[in-house]
Amino acid sequence: MNRSIALMVLLSILTSFPALAFDPIPGDLNGDMLVSADELKIAEDSYAKGEISSDVLAEIRHIHERYPLSVVDAAGRNVTLYRPVRSIACTVSHQLETLRSIGVPREMVVAAPSDIEKYSLFKEYHDLPMIGHFYEPDLEKIIQIHPDLLLVHPGPGPTGQNYLQTVLDRLNGTGITIFCVACSRPDSYSEEIEKLGRLLERENESARFRAFYEGVLGSVISRTKGIPEENRPKVYVEYGPYRVSNNPTLDAMPVEMAGGKSIITGRTGGEVSPETVITANPDVIIRLVYDEDYDAKDADDISKLKSARDEILERPELQNITAVRNGRVFVMASPFWTYLPYSGCRHFIGLAYLAKILHPDVFADMDPRAVHQRYLSEFQHLDYDLSKRGTLIYPEP
């Protein structure tokens, strides 16, 4: 069999069996997952003879010029692609939202995390099969759907590494490429935007979104880094009455970036005593809420957020706390906070609001609502008017 015929046979196999665990690479005649210069020449000769179409030749040439492509993921793994990604599955909403920000077409996404249909911001993904959450993925369904690329969360520390290893072991040999991205952490999100842009051939779109994202963060950090320690307000962040993050040090990051000092840094997470808060006497209290679809609420529906704020203001033991006496108690919904679900990749918008709360004079010219609206309109491509819907912070600074 000559090489032209071999090429046609290979392309026939590719067309006839699209769900193979390891799809043949168009133009790869020796099975090494690469398209060499010699193999490209054979494809060009086949095209000249009318044996393959111009589209097939263009695909082979594209793979020769750009692949293999290797990128290091959030878990430190060197992940290699041998052809363009055609289908993607996500295990957290942060990933879906980030894909939309860098212009990845909806039709490329073939599976979504469970419960995504509860959240209006992700309406376009509601009809997709759901594959569990990052901490408990439905591996059998993932294998059945067989995406080219599975985006998984790197996980919280040692537990996360164990979860990740389970996923890697179970999907080994299936031909599904696994890439770890959190898409929610200020210390890594910018880099992850760039990496996803490279993996998905959306370099221009990811560069544009990255510039917007870094511009917002940079505007906050450049102004707060010079604020003296004595001028940084003490901040208490809670998830419920005296219930704090399991990792208070992580929650301290946005507070410090916005020019504040967390009163629970270095403490054990979970719960704090009222005495701890009273002794620290915070200047600002931030209450986080994450049990509703706040993106879908009418803009004037503040009942849930107001109720959470009123509960803090009415605690008898806190009446002499500076934050309560001055009314500097704010409620923020989960999309604005770094480590909460649905969807923490909007943490940079939350940071803009937080900076405005902590230092209203320093950020007198910053309009977090305008930042938020631009993000929704220009990067999420949503018909979403913040003056009509969306209740994510109360009271708005």
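In this text the structure is predicted, and so the values were computed from the model without any measurement.
Of the charged side-chain nitrogens involved, at least one lies within less than 4.0 Å of a carboxylate oxygen, so that D148 and R86 count as a salt-bridged pair. In summary, D45 and K41 engage in a salt bridge, as defined by a charged side-chain N under 4.0 Å from a carboxylate O. With respect to the salt-bridge test (charged N to carboxylate O, under 4.0 angstrom), the residues R66 and E203 qualify. A salt bridge does not link E117 with K123: every distance from a Lys NZ or Arg NE/NH1/NH2 to an Asp or Glu carboxylate oxygen is 4.0 Å or more.
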**OP:** Please report the C-alpha distance between Y239 and D251 in whole Å, then the side-chain angles of each, then the deciding distance to 0.1 Å, and finally whether the side chain to side chain donor-acceptor pair (under 3.5 Å) criterion is met.
**Re:** CA-CA 11 Å; Y239 291 65; D251 270 352; 2.6 Å; yes
Subject >> H372/F336 under ring pair (Phe, Tyr, Trp, His ring centres under 6.0 Å): CA gap, chis, key distance, verdict >> reply: CA-CA 10 Å; H372 190 189; F336 280 169; 5.1 Å; yes
**OP:** Check the pair D385, S387 against side chain to side chain donor-acceptor pair (under 3.5 Å), reporting the backbone distance first and the verdict last.
**Re:** CA-CA 5 Å; D385 186 344; S387 68; 2.7 Å; yes
Subject >> Criterion salt bridge (charged side-chain N to carboxylate O under 4.0 Å, His left out) on E378 and R208, from CA distance to verdict >> reply: CA-CA 11 Å; E378 190 172 329; R208 182 166 164 270; 2.6 Å; yes
Subject >> Residue pair T98, S101: steps toward the side chain to side chain donor-acceptor pair (under 3.5 Å) verdict >> reply: CA-CA 5 Å; T98 303; S101 289; 5.8 Å; no
Subject >> Check against salt bridge (charged side-chain N to carboxylate O under 4.0 Å, His left out), E396 and R369 >> reply: CA-CA 9 Å; E396 191 167 322; R369 176 186 279 261; 3.0 Å; yes
Subject >> Stepwise salt bridge (charged side-chain N to carboxylate O under 4.0 Å, His left out) check, D300 with K388 >> reply: CA-CA 8 Å; D300 58 356; K388 297 179 180 178; over 6 Å; no
**OP:** Evaluate the criterion side chain to side chain donor-acceptor pair (under 3.5 Å) for residue pair D301 and T391; output intermediate values, then yes/no.
**Re:** CA-CA 7 Å; D301 183 2; T391 305; over 6 Å; no
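The distance between the ring centers of Y189 and H347 falls below 6.0 angstrom. A ring-centre distance under 6.0 Å is not found for H153 and Y135. Taking the six-membered ring wherever Trp is involved, the centroid distance between the rings of F212 and F348 falls below 6.0 Å.
Applying the salt bridge (charged side-chain N to carboxylate O under 4.0 Å, His left out) test to every pair with at least one member in residues 318-333, sequence neighbours left out, gives no pairs at all. Within the structure, the salt bridge (charged side-chain N to carboxylate O under 4.0 Å, His left out) test picks out the following pairs touching residues 125-145 (sequence neighbours left out): R106-D127, E140-R170. Contacts classified as salt bridge (charged side-chain N to carboxylate O under 4.0 Å, His left out) and involving residues 72-81 (residues at least two apart or in different chains) are given here: D73-R77.
Inspection of the S377 and Q373 side chains reveals an N or O donor paired with an N or O acceptor under 3.5 Å. With 3.5 Å as the limit, one finds a donor-acceptor pair spanning the side chains of N281 and T322.
For the pair N326/D283, no side-chain contact is recorded, criterion being any heavy-atom separation below 4.5 Å from C-beta on. Contact of the V152 side chain with the F134 side chain is not registered, since no non-hydrogen atoms from C-beta on lie closer than 4.5 Å. Between L34 and H64 the shortest side-chain heavy-atom distance does not fall below 4.5 Å. L164 places a side-chain heavy atom less than 4.5 Å from the side chain of C180. Between M257 and L354, every side-chain heavy-atom pair lies at or beyond the 4.5 Å cut-off. By the 4.5 Å heavy-atom criterion applied to side chains, F122 and S93 are counted as neighbours. L199 places a side-chain heavy atom less than 4.5 Å from the side chain of F179.
With a 6.0 Å radius and a threshold of 12 heavy atoms from other residues, nucleotides or ligands, Y394 has its OH atom above the threshold. Residue D383 places its CG atom among 12 or fewer non-hydrogen atoms of other residues, nucleotides or ligands, all under 6.0 Å distant. Heavy atoms of other residues, nucleotides or ligands lying less than 6.0 angstrom from CD of Q380 number more than 12.
For the side chain to side chain contact (heavy atoms under 4.5 Å, CB included) test with V110, the passing option among P147, P129, C90 is P147; the others fail. None of E317, Q319, E311 except one satisfies the side chain to side chain donor-acceptor pair (under 3.5 Å) rule with R315; the exception is E311.
For the pair K297 and Y294, the distance from NZ or CZ to the six-membered ring centre is under 6.0 Å and the angle to the ring normal is within 45 degrees. In this structure, R389 satisfies the cation-pi test against Y384, with its NZ or CZ atom closer than 6.0 Å to the six-membered ring centre and inside 45 degrees of the ring normal.
Remark: E256 engages A252, T265 in a side chain to side chain contact (heavy atoms under 4.5 Å, CB included) (not counting sequence neighbours). With sequence neighbours left out, S87 forms a side-chain hydrogen bond (donor to acceptor under 3.5 Å, both in side chains) with no residue at all.
When hydrophobic side chains of Ile, Leu, Val, Met, Phe, Trp and Tyr are connected at separations under 4.5 Å, V244 ends up clustered with Y236, Y242, I263, I264, V272, V277, I278, I285, I312, L313, L318, I321, V324, V329.
Taking all atoms of both residues into account, the shortest heavy-atom contact from S219 to S222 is O-OG, 3.3 Å. Taking both residues in full, the closest heavy atoms of P68 and T80 are given as CB-CG2, 3.8 Å, listed atom of the first, atom of the second, then distance. Between G260 and V235, the shortest heavy-atom distance links the atoms CA-CG2, 4.4 Å. L139 approaches T166 most closely through the heavy-atom pair CD1-O, 4.4 Å. The two residues C183 and E192 have their closest heavy-atom pair at N-OE1, 2.7 Å. Between D28 and M33 the shortest heavy-atom distance is OD2-N, 2.9 Å.
Side-chain atoms of E39 come within 3.5 Å of backbone atoms of N30 as a donor-acceptor pair (strictly under, hydrogens ignored). At distances below 3.5 Å, not a single donor-acceptor pair connects side-chain atoms of K261 with backbone N or O atoms of P233.
Note on ring orientation: taking the six-membered ring where Trp is involved, the planes of F209 and F379 are tilted (angle from 30° to 60°).
Cluster membership for I357 and I227, using ILVMFWY side-chain heavy atoms within less than 4.5 angstrom, is not shared.
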